Amino acid sequence: MHRTPAGTAAGMIVETEAYIGEDDPACHAAPGPTRRNAPLYGPPGIAYVYLNYGIHYLVNAVTEADGHPAAVLIRALSPVEGLALMRKRRGEEVAEHDLCRGPGNLTKALGISLSENELDLMSSRLTIEDRGCEVVAVSRGPRIGIRVGVDKPWRYWVTGHPSVSGRVIK
DNA sequence: GAATGGATTGTCT
DNA sequence: GACAATCCATTCA
């Protein structure tokens, strides 16, 4: 969830992708430590936000895998709180299940930008909480939207959820 | 200070 | 299903 002066917006994560280690060609840590991916080398549990295609902010949860830098890209949410605020940011005509469908769209709906980079996901205004959830079917498959490392089946999503992006691979 | 490219999206056929 | 738009931050000189 993300708390801003404009209000709070939150959703349940329904789609993620894993980017693990410098050996993963699609991971931002692949070129080695740089200024941009510095958060990946920081402590687990912080946010890693960056601008993609000059237009979309993507948000990751930094983790750690056997000492290697790793992150989980949040690709889609099921809107839970702050629907009106999300529409204000995305457009009044946007359908509920489209508000946070896709990594670029969800950051826009939640109002996340570079200023949210490196925030502590446990105790800042941007958090990921375990609120428990109903047991649902989860699918796994190849990652999408990237040019390298597509062979790794590290994309996970809630089976059949309307907010899941994935028009490239079904 | 200039060049480069991308973990996307939306629109068209 | 395919392709082009978009453009800032990062990178490199």
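No experiment lies behind these values; they were computed from the predicted model shown. First the proteins, then the strands, lettered A, B, ... as listed; each starts at 1.
- Nucleotide dG5(B) holds its P atom 19 Å from the NE2 atom of His56(A), rounded to whole Å.
- For Thr159(A) and Ser139(A), the side-chain atoms include at least one donor-acceptor pair closer than 3.5 Å.
- Of the residues in residues 24-37 of chain A, those lying under 4.0 Å from DNA chain B by heavy-atom distance are Ala26(A), His28(A).
- Here the closest heavy-atom approach between residue Gly42(A) and residue Val62(A) is recorded as O-CG1, 4.4 Å.
- Rounded to whole Å, the separation between the C1' atoms of dA7(B) and dC12(C) comes to 23 Å.
- Among the nucleotides dG6(B), dG10(B), dA9(C), the one closest to any side-chain atom of Asn52(A) is dG6(B).
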Pairing string, 5' to 3', for DNA chain C - Watson-Crick or wobble contacts under 3.5 Å, brackets [ ] where pairs cross, | to another strand:
|||||.||||||.
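- With sequence neighbours excluded, the residues forming a side-chain contact (heavy atoms from CB on, under 4.5 Å) with Ala18(A) are Ile20(A), Trp154(A), listed by chain and number.
- Among the protein residues, Asn60(A) comes within range of the nucleic acid bases, having at least one heavy atom under 4.0 Å from a base atom.
- Side chain of Asn105(A), nearest nucleotide from dG10(B), dA7(B), dA9(C): dG10(B).
- In this entry the distance linking CG of Leu58(A) with P of dC8(C) reads 16 Å, nearest Å.
- In this structure, the CZ atom of Arg155(A) is 10 Å from the P atom of dT8(B), given to the nearest Å.
- A stacked arrangement is not assigned to Tyr50(A) and the six-membered base ring of dA9(C), the conditions of a centre distance below 5.5 Å and an interplanar angle below 30° not being jointly met.
- With hydrogens and angles disregarded, no donor-acceptor distance shorter than 3.5 Å links the side chain of Asp24(A) to the backbone of Gly21(A).
- Side-chain polar atoms of Arg3(A) and Thr8(A) form no donor-acceptor pair below 3.5 angstrom.
- Between Tyr156(A) atom OH and Arg75(A) atom CZ the span is 14.5 Å, to the nearest 0.5 Å.
- A residue-by-residue look at Asn117(A) and Ile55(A) shows that Ile55(A) has its nearest nucleotide of DNA chain C further toward the 5' end.
- Going from atom CG of Leu51(A) over to atom P of dT10(C) covers 8 Å, rounded to whole Å.
- Hydrophobic cluster of Ile55(A): the remaining members, joined at side-chain heavy-atom separations below 4.5 Å, are Tyr53(A), listed by chain and number.
- Applying a 4.0 Å cut-off to non-hydrogen atoms, the residues of residues 84-102 of chain A that approach DNA chain B are Gly102(A), listed by residue number.
- Listed by chain and residue number, nothing satisfies the side chain to side chain donor-acceptor pair (under 3.5 Å) test with Thr16(A) (two or more places apart in sequence, or in another chain).
- In this structure, Arg143(A) satisfies the cation-pi test against Tyr19(A), with its NZ or CZ atom closer than 6.0 Å to the six-membered ring centre and inside 45 degrees of the ring normal.
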List the steps and the verdict of side chain to side chain donor-acceptor pair (under 3.5 Å) for Arg89(A) and Thr4(A).
CA-CA 13 Å; Arg89(A) 289 169 174 147; Thr4(A) 67; 3.2 Å; yes
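- The CD1-P distance, from Ile146(A) to dG5(B), rounds to 18 Å in whole Å.
- Here the C1' atom of nucleotide dA7(B) and the CH2 atom of Trp157(A) are 16 Å apart, to the nearest Å.
- Nucleotides dC7(C) and dC12(B) are separated by 23 Å at their C1' atoms, to the nearest Å.
- Residue Leu114(A) contributes atom CG, which lies 18 Å from atom P of dG6(B) at whole-angstrom precision.
- Of the possible donor and acceptor atoms, one in the side chain of Ser124(A) sits under 3.5 Å from a partner among the backbone N and O of Leu126(A).
- The side chain of Tyr53(A) sits closest to dT8(B) out of dC8(C), dA7(B), dT8(B).
- Atom C1' of nucleotide dT9(B) and atom CG of Leu106(A) are separated by 13 Å, given to the nearest angstrom.
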Begin from the C-alpha positions of Arg87(A) and Glu96(A) and carry the test salt bridge (Lys or Arg N to Asp or Glu O under 4.0 Å) through to its verdict.
CA-CA 9 Å; Arg87(A) 284 216 169 82; Glu96(A) 178 174 333; 5.2 Å; no
